[in-house]
K.L.:
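For reference, the structure I am asking about is given below.
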Amino acid sequence: MPKRALTVAAIAALALMCQGSAWAHSRSVQGTLDHAAADGRIEASVHARYTRDWSRLRHAARRLHGAARSDVSGVLSNTWSLARRGMLEGRLVPVFLTVERNIEWFWQRRKGPAAYGARHTFRGSPVIFEFYPGVGWQIQPLGNFGRLNGLAAAKHTRLRTLTRYADALLPLAVRRKDFLAFEYYFPWSGGRPGWISGMATATGMAALARVWHRTGDARYRDAAEDMLGAFFRPPPWGIRLYRGHGRAHYLQYSQDPHLLVGNAFSQSLIGLDDLVRITGDPKAKLALARGLRQARARLSRFDTGAWSLYWRRPGTRHGGESDLHYHQLFEGFLAKLCRRFASGPFCRMHDDFARYETEPVRIGHMRTARHGSTLRVRVWTSKRGYGTLGLRLGKHTVRSVSLSLWRGTHSIALTIPKRHRHYRLRLDATSPNEIRSSAERTLAVH
């Protein structure tokens with residue numbers, strides 16, 4: 001190869017190396033901050049503050065101990081994850097607000113971890129944060145929009161209170177493809193930081209539309225309508241799961257299209273209907289119509305005949321049953337849908353869900369099989385709860401085992417007593433709302 005060609009090749013290789021180095025730097029947290037400042041996306045003072053906070057967060061992760069160190073490290077890891085995927089630059093405001101709040105709590109105030117699910121507002125701001133072990137304090141979009149929605153619906157709420165809260169939330173929004181979104185910045189349900197919730201989005205649209213209706217400020221209406229894009233994009237960016245025939249299911253978690261959450265889907269329809277009633281937006285009408293068609297065709301699959309499913313897989317009735325809180329939440333959403341839409345399963349499902357709360361766990365016939373010194377008991381129960389399977393002789397319990405119950409067949413092992421007797425095999429069950437039931441049979445041990 002001629003000398004000139006070698007020189008050109010060397011220069012080209014060096015340029016590629018420099019480009020690769022610049023790309024790697026831009027995919028770091030500090031590189032992202034530097035790039036945003038160079039492009040004029042953030043001011044020099046903001047760049048300096050975020051740089052200082054990033055340094056303090058890393059310092060805290062090295063110096064803290066135990067659970068506090070784990071929580072701060074989780075915030076660190078989430079921020080790194082966003083930077084590596086090229087997502088951080090468009091999310092600097094909410095992500096670094098999260099960084100600042102965790103520095104304040106764990107490093108400056110030297111407080112320890114809070115209880116799982118605890119909510120907290122920091123001085124000077126109405127924004128609600130929720131505590132998640134391992135990732136610290138995180139912005140909670142659903143919690144914030146639920147509160148804002150309630151305040152906006154209450155006639156006595158002062159306009160100043162509404163606008164202060166809404167104006168604290170709007171800067172936390174990001175552009176997600178072609179729509180406005182309020183994201184979660186920690187791993188959940190198999191997804192990395194930077195996912196959205198259909199339930200939170202629908203609640204947010206309703207809340208901002210109500211603030212617009214109360215104040216007349218078009219910024220809030222525009223933001224609510226801009227959030228509608230989530231209902232027209234498939235996962236993982238959006239939450240629309242197309243089901244054919246003009247139907248759509250709206251996901252609770254954009255990152256998990258195989259997890260259908262019944263109560264969240266119901267609340268999404270309520271939020272869409274609120275937006276339609278307040279603004280008359282034609283895209284909201286279309287999204288609502290698609291969701292209602294799906295709900296009328298498939299929502300009853302969340303009814304087991306004895307309790308509600310919290311989640312199920314697409315195309316099946318198989319899933320996990322709701323706990324009492326989520327069952328009652330689902331029931332409440334069905335009551336709202338029943339009042340708004342006469343056709344569909346909503347009224348019947350609401351009445352059935354309310355009735356299930358008055359019914360005990362039904363227990364099927366107990367079948368037994370002996371395998372050496374082990375007794376295997378198979379029994380069917382109608383819904384979730386908890387129970388105790390015991391082997392009794394007179395008033396005395398000879399063997400017992402505690403178990404969690406769910407709808408379906410259980411297989412439980414007991415050690416067979418050595419003494420030959422006629423025992424009573426008894427299952428005591430308690431439903432989620434503490435209604436008790438039992439079943440027993442005689443068991444001869446020879």
Side-chain angles (χ1 to χ4, degrees), residues 115-117 133 189 258-263 300-313 316-331 334 349-446:
Y116 175 78
S189 194
H258 302 296
L259 187 72
L260 309 185
V261 181
N263 71 74
S300 59
R301 290 189 173 185
F302 288 93
D303 185 347
T304 70
W307 203 247
S308 67
L309 292 179
Y310 174 75
W311 65 271
R312 66 176 180 83
R313 298 299 183 196
T316 75
R317 290 180 179 269
H318 302 297
E321 291 170 276
S322 308
D323 62 18
L324 181 60
H325 166 73
Y326 281 115
H327 179 85
Q328 293 175 334
L329 187 70
F330 201 166
E331 180 188 328
L334 288 168
M349 287 182 68
H350 167 267
D351 294 343
D352 287 344
F353 282 13
R355 175 170 53 82
Y356 298 157
E357 292 181 50
T358 69
E359 297 175 344
V361 176
R362 299 195 305 275
I363 304 172
H365 178 68
M366 288 185 284
R367 298 186 176 91
T368 60
R370 183 170 180 171
H371 302 279
S373 61
T374 300
L375 179 70
R376 183 69 62 178
V377 181
R378 288 176 61 83
V379 60
W380 176 88
T381 55
S382 64
K383 60 183 170 185
R384 70 176 295 163
Y386 59 94
T388 302
L389 181 68
L391 201 59
R392 300 184 179 186
L393 184 60
K395 296 181 178 180
H396 301 286
T397 300
V398 180
R399 299 281 189 274
S400 70
V401 60
S402 298
L403 59 150
S404 297
L405 303 177
W406 61 88
R407 179 179 177 82
T409 301
H410 306 263
S411 181
I412 310 115
L414 289 173
T415 303
I416 298 174
K418 293 182 179 180
R419 298 178 64 184
H420 293 185
R421 292 286 190 276
H422 282 80
Y423 296 90
R424 285 185 299 117
L425 184 65
R426 179 185 174 100
L427 175 62
D428 292 296
T430 304
S431 71
N433 44 328
E434 302 298 321
I435 299 175
R436 297 181 180 182
S437 57
S438 63
E440 64 177 53
R441 57 164 291 188
T442 302
L443 181 70
V445 175
H446 301 292

K.L.:
Which heavy-atom pair separates Ala429 from Ile363 by the least distance, and what is that distance?
P.N.:
CB-CD1, 4.0 Å
K.L.:
Looking at Ser382, is its backbone amide N or carbonyl O close enough to the side chain of Arg407 to form a donor-acceptor pair, meaning the two atoms are under 3.5 Å apart?
P.N.:
yes
K.L.:
Quick one: OG1 on Thr358 to CZ on Arg355, what's the gap to the nearest 0.5 Å?
P.N.:
7.5 Å
K.L.:
To check you understand the geometry: which heavy-atom pair defines the closest contact between Thr388 and Ser402, and what is its length?
P.N.:
OG1-OG, 4.0 Å
K.L.:
Any side-chain heavy atom of Lys383 sitting closer than 4.5 Å to one from Glu359?
P.N.:
yes
K.L.:
Is Leu427 close to Ile412 at the side-chain level, that is, under 4.5 Å between some pair of heavy atoms?
P.N.:
no
K.L.:
Quick check on His365: does its NE2 atom have over 12 non-hydrogen neighbours (other residues, nucleotides or ligands) under 6.0 Å away?
P.N.:
yes
K.L.:
Would you mind reporting whether Ser411 and Arg376 have side-chain heavy atoms less than 4.5 Å apart?
P.N.:
yes
K.L.:
Are the side chains of Thr381 and Trp406 in contact, using a 4.5 Å heavy-atom criterion?
P.N.:
no
K.L.:
What I want to check is whether the side chains of Ser322 and Ser308 have a donor and an acceptor closer together than 3.5 Å.
P.N.:
yes
K.L.:
Determine the minimum heavy-atom distance between Val379 and Gly364, stating which atoms define it.
P.N.:
CG2-O, 3.6 Å
K.L.:
Nearest 0.5 Å, please: how far is OG1 in Thr304 from CG in Leu309?
P.N.:
6.0 Å
K.L.:
Evaluate the side-chain proximity of Arg399 to Tyr423: yes if any heavy-atom separation is below 4.5 Å, no if none is.
P.N.:
no
K.L.:
Taking Gly394's backbone N and O only, do any of them form a donor-acceptor pair with Arg424's side chain (distance below 3.5 Å, no angle check)?
P.N.:
yes
K.L.:
As an exercise, state the distance from CG of Leu389 to NE2 of His410, rounded to the nearest 0.5 Å.
P.N.:
11.0 Å
K.L.:
Indicate the atoms forming the closest heavy-atom contact of Asp428 with Arg426, along with that distance.
P.N.:
OD1-NE, 2.8 Å
K.L.:
Are Arg392 and Thr397 packed together at the side-chain level, in the sense that at least one heavy-atom pair is separated by less than 4.5 angstrom?
P.N.:
yes
K.L.:
Name the residue from Ile416, Leu414, Leu375, Val377 that meets the side-chain contact (heavy atoms from CB on, under 4.5 Å) definition with Leu443.
P.N.:
Leu375
K.L.:
Please lay out, stage by stage, how Asp303 and Tyr356 fare under the test side-chain contact (heavy atoms from CB on, under 4.5 Å).
P.N.:
CA-CA 10 Å; Asp303 185 347; Tyr356 298 157; 2.9 Å; yes
K.L.:
Would you confirm whether Arg370, through its side chain, and Gly372, through its main-chain N or O, come within 3.5 Å as a donor-acceptor pair?
P.N.:
yes
K.L.:
Between Leu259 and Arg313, is there a side-chain heavy-atom distance shorter than 4.5 Å?
P.N.:
yes
K.L.:
How long is the gap from NE2 on His258 to CH2 on Trp311, to the nearest 0.5 Å?
P.N.:
12.0 Å
K.L.:
With side chains defined as the heavy atoms from C-beta onward, is the minimum distance between Leu260 and Phe302 less than 4.5 Å?
P.N.:
yes
K.L.:
Look at the aromatic rings of Phe330 and Phe353 and report parallel, tilted or perpendicular, splitting at 30° and 60°.
P.N.:
perpendicular
K.L.:
Is it true that, when you exclude Arg436 itself, more than 12 heavy atoms of the residues, nucleotides or ligands shown sit nearer than 6.0 Å to its CZ?
P.N.:
no
K.L.:
Measure the spacing between CG of Leu324 and CH2 of Trp307 and express it to the nearest 0.5 Å.
P.N.:
5.0 Å
